[in-house]
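See below for the structure under consideration.
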Amino acid sequence: MSNYTRWYRYGTISLTKGSKTVVGEKTYWTTAGFNPGDILVVDKTYYEIDDVIDNTTLMLREAYSGDTVSNVGYAVIRNFTATPMSRIAAQTSEILGVHQRLLDEKLSTIQGKSAYEIAQENGFIGTEEEWLESLKAAGEYAELHNEVSEITNLIDVLGIYVDEDGDLAQDV
């Protein structure tokens with residue numbers, strides 16, 4: 001198991017009652033890749049990390065409420081929902097949602113009509129055969145198809161898929 005998935009307990013920390021600053025000794029927090037949203041545990045109390053300043057200084061979201069202490073043990077629980085990859089997955093999901101809504105809006109305007117009838121309503125003059133010939137790599141459909149292809153490629157690169165519960169998941 002990777003060290004990146006275990007609770008982090010290296011070094012010791014000092015905290016001052018009423019302060020948001022945590023000072024560490026031999027802690028290496030930036031090197032370990034801590035992120036805002038990770039959880040600091042001190043004496044069975046949980047504090048959300050608001051900012052990682054450097055390898056020996058971090059800021060809590062709320063002020064430390066315990067007694068002032070020096071060189072005590074601690075643990076950090078990694079909050080993987082705050083990782084860069086999870087942010088990319090969330091942004092990709094948002095982009096897919098926007099494109100799906102746009103596609104649904106466009107499709108809702110054409111239900112019940114043939115594509116040829118819609119083409120005539122939009123100014124096409126000619127026979128159905130001429131219209132079919134005009135479709136070869138043309139128009140808004142090609143643009144929409146290209147957008148969907150780009151999104152599909154992005155999803156493939158990121159390893160994102162919909163799991164059996166219908167939720168977005170990511171290959172690791």
Side-chain angles (χ1 to χ4, degrees), residues 1-108 140 142-172:
M1 178 180 267
S2 166
N3 284 336
Y4 292 110
T5 58
R6 297 182 183 154
W7 288 31
Y8 189 92
R9 295 182 171 97
Y10 299 102
T12 60
I13 61 172
S14 298
L15 301 115
T16 302
K17 184 174 184 148
S19 173
K20 293 182 178 184
T21 303
V22 180
V23 177
E25 185 174 324
K26 297 181 182 176
T27 48
Y28 310 105
W29 291 324
T30 51
T31 303
F34 285 0
N35 292 298
D38 289 345
I39 308 298
L40 175 75
V41 183
V42 181
D43 195 30
K44 299 179 185 176
T45 304
Y46 298 81
Y47 296 91
E48 182 179 351
I49 296 172
D50 192 43
D51 195 11
V52 182
I53 306 301
D54 56 37
N55 272 329
T56 59
T57 309
L58 36 100
M59 302 299 290
L60 302 176
R61 183 179 172 110
E62 302 292 328
Y64 173 66
S65 60
D67 293 330
T68 297
V69 292
S70 296
N71 300 318
V72 296
Y74 71 99
V76 172
I77 303 168
R78 312 263 177 153
N79 181 357
F80 289 100
T81 60
T83 64
M85 284 307 292
S86 66
R87 289 186 200 113
I88 290 171
Q91 289 171 346
T92 302
S93 175
E94 184 178 345
I95 290 168
L96 288 173
V98 168
H99 281 284
Q100 184 62 51
R101 284 189 295 277
L102 291 173
L103 182 60
D104 289 346
E105 287 173 13
K106 287 182 181 185
L107 290 176
S108 70
E140 293 178 12
E143 291 176 20
L144 182 59
H145 178 73
N146 289 337
E147 288 180 25
V148 171
S149 294
E150 289 174 16
I151 292 169
T152 302
N153 291 338
L154 175 62
I155 290 169
D156 290 342
V157 168
L158 295 174
I160 298 171
Y161 63 96
V162 177
D163 66 16
E164 57 202 24
D165 297 324
D167 298 320
L168 282 181
Q170 184 175 22
D171 292 333
V172 179

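The figures that follow rest on heavy atoms only: side chains count, while hydrogens, waters and symmetry mates do not.
Closest heavy-atom contact between S14 and S70: OG-CA, 3.3 Å. Of all heavy-atom pairs spanning G18 and A63, the tightest one is O-CB, 3.4 Å. Taking each heavy atom of T30 and V52 in turn, the nearest pair found is CG2-CG1, 3.6 Å.
Here CG of N71 is found 10.5 Å from NZ of K26. Values are rounded to the nearest 0.5 Å. Considering CD1 of I39 and CZ of R78, their distance stands at 12.5 Å, rounded to 0.5 Å.
Here the side chains of T16 and T21 are not in contact, with every heavy-atom distance at 4.5 Å or above. No side-chain heavy atom of V22 sits under 4.5 Å from any side-chain heavy atom of T27. Side chains of L15 and V42 form a contact here, defined as non-hydrogen atoms less than 4.5 Å apart. Contact check for I53 versus D51: side-chain heavy atoms found under the 4.5 Å cut-off. A heavy-atom distance below 4.5 Å is not found between the side chains of V23 and I13.
Between the N55 side chain and the T31 main chain, a donor and an acceptor come within less than 3.5 Å of each other. No side-chain donor-acceptor contact under 3.5 Å links T12 to the backbone of G73.
Taking the six-membered ring for Trp and thresholds of 30 and 60 degrees, Y8 and Y74 have ring planes inclined between 30 and 60 degrees apart.
Judged as a side-chain hydrogen bond (donor to acceptor under 3.5 Å, both in side chains), the pairs with a partner in residues 56-69 (not counting sequence neighbours) are, in order, Y47-S65, D54-T56, D54-T57.
Checked against L40 for a side chain to side chain contact (heavy atoms under 4.5 Å, CB included), the options I77, T45, L60 give a single hit: L60.
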